Amino acid sequence: MRSVTYSMSVSLDGYIVGPDGGFDWTAPDEDVFRFWIDEIRDVGVHLLGRRLYETMLYWETADQDPTLDDSMREWTSLWKPLPKVVFSSTLSAVQGNARLASGGVAEEIERLRAEPGEGEIAIGGATLAAEAAASGLIDEYRAMVYPVLVGGGIPFFPQRERQVDLELVETRTFNSRVVYLRHRVTR
């Protein structure tokens, strides 16, 4: 069965964006960006909320930008063809290799798991991940922890009043002092 992974950049105090909605502190250096490139290779479909979808729209046409470096071109070549499912109550259409979700996140994940397919089901966006977590559907949490305290904003982890036991399966510290933590949900 395809695993569901939730992977995002996060501040040390646990937020994916700060109180002002900013996330400029997550700009990856070359080493971290290379890691994201390698991680996206294992993804078969990416589930996104509206805000993350709109942020990532740049990559749908980035290959037309003559100033892109080789790493960014490689990311674009992987991101553009990747199937994406967008969850939004305000969008009526999406671009690229994306489609609007026809149901809730739990129904969509179960449908994707039932279909033949390769690669992980990745979730991007804290609100969407919180909904999947509430249904017990996330198999792994992957946090790219940045050495910054932002003091509030949108939390990485869903604020549900239930315990979820995790097993640490991988760590990595980058030269930029960013720390990657990969935890598997124990069932």
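Everything numeric here is computed off the predicted structure, so don't read it as measured data.
No donor-acceptor pair closer than 3.5 Å links the side chain of Glu110 to the backbone N or O of Glu107. In terms of modelled atom types and a separation under 3.5 Å, the side chain of Asn97 and the main chain of Pro81 share a donor-acceptor contact. No donor-acceptor distance shorter than 3.5 angstrom exists from the side chain of Ser135 to the backbone of Ala132, with no hydrogens or angles considered.
In the hydrophobic clustering of this structure, Val169 does not group with Leu166; members are Ile, Leu, Val, Met, Phe, Trp, Tyr whose side-chain heavy atoms approach within less than 4.5 Å, directly or through other members. By the rule that hydrophobic residues join a cluster once side-chain heavy atoms approach within less than 4.5 Å of another member, Ile154 and Leu12 end up as members of one cluster.
Distance CG/Asp63 to CE/Met72: 13.5 Å, rounded to 0.5 Å. Distance check, rounded to the nearest 0.5 Å: CD1 of Ile37 to CZ of Arg73 gives 12.5 Å. Put simply, OG1 on Thr76 and OH on Tyr58 are 6.5 Å apart, with the number rounded to the nearest 0.5 Å. Note that CG of Asp70 is 8.5 Å distant from CD of Glu74, once rounded to the nearest 0.5 Å. Atom CD of Glu108 sits about 5.0 Å away from atom CG of Leu112, to the nearest 0.5 Å. Taken from CH2 in Trp79 to CD in Glu60, the straight-line distance is 8.0 Å, to the nearest 0.5 Å.
With salt bridges taken as basic N to acidic carboxylate O contacts below 4.0 Å, none links Asp139 and Arg184. Looking at Asp31 and Arg177, no side-chain N of the basic residue comes within less than 4.0 Å of a carboxylate O on the acidic one, giving no salt bridge. For Glu120 and Arg41, the salt-bridge test fails: no basic side-chain N is under 4.0 Å from an acidic carboxylate O.
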Should Ser9 and Phe23 be marked as a side-chain contact (heavy atoms from CB on, under 4.5 Å) after you check the CA-CA gap, both sets of side-chain angles, and the distance that decides it?
CA-CA 9 Å; Ser9 297; Phe23 55 93; over 6 Å; no
Show your reasoning for whether side-chain contact (heavy atoms from CB on, under 4.5 Å) applies to Glu39 and Arg142.
CA-CA 10 Å; Glu39 184 175 84; Arg142 299 174 181 179; 3.5 Å; yes
Begin from the C-alpha positions of Thr186 and Asp165 and carry the test side-chain hydrogen bond (donor to acceptor under 3.5 Å, both in side chains) through to its verdict.
CA-CA 6 Å; Thr186 57; Asp165 294 322; 4.6 Å; no
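In this structure the side chain of Ile109 reaches within 4.5 angstrom of the side chain of Ile123, judged on heavy atoms. Side-chain contact between Val32 and Met144 is present, with heavy atoms from C-beta onward closer than 4.5 Å. Between Arg113 and Leu137, some side-chain heavy-atom pair lies under the 4.5 Å cut-off. Contact check for Val145 versus Val178: no side-chain heavy atoms found under the 4.5 Å cut-off. With a 4.5 Å cut-off on side-chain heavy atoms, Arg50 and Phe87 do not count as touching.
With Val45 as the fixed residue, the side chain to side chain contact (heavy atoms under 4.5 Å, CB included) test singles out one of Arg2, Glu118, Lys84, Glu115: Arg2. Partner of Val43 under the side chain to side chain contact (heavy atoms under 4.5 Å, CB included) criterion, chosen from Leu82, Leu78, Ile121: Leu82. Of the options Tyr146, Phe35, Trp36, Tyr180, a ring-ring contact (aromatic ring centres under 6.0 Å, His included) to Phe174 is made by Phe35 and by none of the others.
At most 12 heavy atoms of other shown residues, nucleotides or ligands fall within 6.0 angstrom of atom CZ in Arg51. Within 6.0 Å of atom CG in Asp20, more than 12 heavy atoms from other residues, nucleotides or ligands are found, so the atom counts as buried in its surroundings.
Heavy-atom minimum distance, Ile138 versus Arg187: O-NH2, 2.8 Å. Of all the heavy atoms in Val10 and Ala143, the pair that sits closest is CG1-CB, 3.8 Å. In this structure, Leu91 and Val86 approach most closely via the heavy-atom pair CD1-CG1, 4.1 Å. Scanning both residues, Ser88 and Thr90, for their nearest heavy atoms gives OG-N, 3.0 Å. The shortest heavy-atom contact between Arg182 and Leu168 is O-CD1, 3.5 Å. Of all non-hydrogen atoms in Ile16 and Trp25, the two that sit nearest each other are O-CZ2, 3.6 Å.
Side chains of Glu140 and Ser3: a donor-acceptor N/O pair is absent below 3.5 angstrom, by distance only. Ser71 and Asp69 form no side-chain donor-acceptor contact under 3.5 Å, judged by distance and modelled atom types alone. Judged purely by distance below 3.5 Å, without hydrogens or angles, the side chains of Thr5 and Ser7 never pair a donor atom with an acceptor atom.
Ring geometry for Trp59 versus Trp75: interplanar angle over 60°, hence perpendicular rather than tilted (30 to 60°).
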